[in-house]
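Counting starts at 1 for both ligands and their atoms, following the listed order. If you're wondering where the values come from, they're calculated on a predicted model, not measured in any experiment. Count residues from 1 along the sequence.
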Amino acid sequence: MDTQAQIKEIVESNPVVLFMKGNAQFPQCGFSGRAIQILQACGVDKPHTVNVLEDQDIREGVKAYANWPTIPQLYVNGEFIGGSDIMTEMYQSGELQQLLKA
Ligand SMILES: N[C@@H](CCC(=O)N[C@@H](CS)C(=O)NCC(=O)O)C(=O)O
Ligand code: FES
């Protein structure tokens, strides 16, 4: 399977996916740490996470997949939502909680 197909498979088979640096227990970047904290604040304790530091193809592949240049990247129900700034804004407006409840 090529990388784009692999990413599609991951985001379509898990309702909430966070591509991040490190994992939920040990985020290896502040932006990824913030993304995890926001998900937890929304009641998502166990998001499916993919550590891009362990896979260079995925690290570059998700940027192409979403046409978004950075990590973290949140996907809900197969759809790209945004990075940590967008997550923060959506959390503050209550939009993210709504999205994750559905
Ligand atoms: N403002 C961004 C911050 C994320 C960011 O700047 N990520 C950088 C540093 S961790 C990145 O992914 N760089 C490309 C890379 O490391 O492959 C957001 O909203 O998520
Ligand atoms: S790893 Fe340096 S800012 Fe994320």
key: Mutual orientation of the aromatic rings belonging to F80 and W68 [parallel < 30°, tilted 30-60°, perpendicular > 60°]   =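 Rings of F80 and W68: tilted, 30 to 60°.
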ask   = Counting N and O atoms only, with roles assigned by atom type, does the side chain of N51 sit under 3.5 Å from a partner on the main chain of L53, one being a donor and the other an acceptor?
value = yes
request  = Without swapping roles, check the side chain of T49 against the backbone of N23 for a donor-acceptor pair under 3.5 Å.
outcome  =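 Such a contact is absent between T49 side chain and N23 backbone.
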task = Start with the C-alpha gap between R34 and D85, add the side-chain angles, then the distance that decides, and say whether salt bridge (charged side-chain N to carboxylate O under 4.0 Å, His left out) holds.
result = CA-CA 9 Å; R34 178 141 53 100; D85 290 348; 3.6 Å; yes
request  = Looking only at non-hydrogen atoms, find the nearest pair between L100 and C42 and report the distance.
outcome  =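 That would be CD1-CB, 3.5 Å.
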message = Measuring only between side-chain heavy atoms, which start at C-beta, is M90 closer than 4.5 Å to M87?
response = no
ask   = Protein N, O or S atoms less than 2.8 Å from atom 4 (Fe) of ligand 2, ignoring waters?
value = C29 SG
task = Give a yes-or-no answer on whether the side chains of Q73 and Y75 include a donor-acceptor pair shorter than 3.5 Å.
result =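 Looking only at side-chain atoms, Y75 and Q73 do form a donor-acceptor pair, the distance falling under 3.5 Å.
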Crowding at CD, Q28 (>12 non-hydrogen neighbours, <6.0 Å) =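 More than 12 heavy atoms, drawn from other residues, nucleotides or ligands, come within 6.0 Å of this atom.
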task = Any chance you could measure I58, atom CD1, to T3, atom OG1, to the nearest 0.5 Å?
result = 6.0 Å
ask   = Can you pull the residues with any heavy atom under 4.0 Å from ligand 1?
value = K21, C29, F31, R59, K63, T70, I71, P72, G83, S84, D85
